[in-house]
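Read the structure below first, then the notes.
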Amino acid sequence: NSEKISESADDLQKALNSAQTLQERTHIQAQIQLLQVRATASQNQILAQQLKLQAATATAAGLSPDQIESSTEEKAE
């Protein structure tokens, strides 16, 4: 997925560089913003999966919910 995002960003950069009218540039900038939204959504999904994995690991290790919360807060810092 990150490869697709990177490739799309490269394509959009090339398109932006070759755009000749304000309308073309505006359209490409809107596409860039959409790509940023998709990349952020993808990153959020990965972070959510990571959090689930950390919680499952902590639970399997026998940590209480308070200990799990404390553990994830320390990693975030």
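Here the structure is a predicted model, which means the values were calculated and not measured.
- Using a 4.5 Å heavy-atom cutoff, the side chains of Thr26 and Gln23 are not in contact.
- No side-chain heavy atom of Glu7 sits less than 4.5 Å from a side-chain heavy atom of Glu3.
- To the nearest 0.5 Å, atom OG of residue Ser6 and atom CG of residue Leu35 are 9.5 Å apart.
- You'll find the side chain of Gln33 stays beyond 4.5 Å of the side chain of Gln29, heavy atoms only.
- Here the CD1 atom belonging to Ile5 is positioned 11.5 Å from the CG atom belonging to Leu12, to the nearest 0.5 angstrom.
- One finds the CG atom of Asp11 at 12.5 Å from the CG atom of Leu16 (value rounded to the nearest 0.5 Å).
- With rounding to the nearest 0.5 Å, the separation of CD in Gln43 from CD in Gln36 is 12.0 Å.
- Listed here is the closest heavy atom pair of Ala19 and Arg25: CB-CG, 3.6 Å.
- Here Ser8 contributes atom OG and Leu34 contributes atom CG; the two are 11.5 Å apart, rounded to the nearest 0.5 Å.
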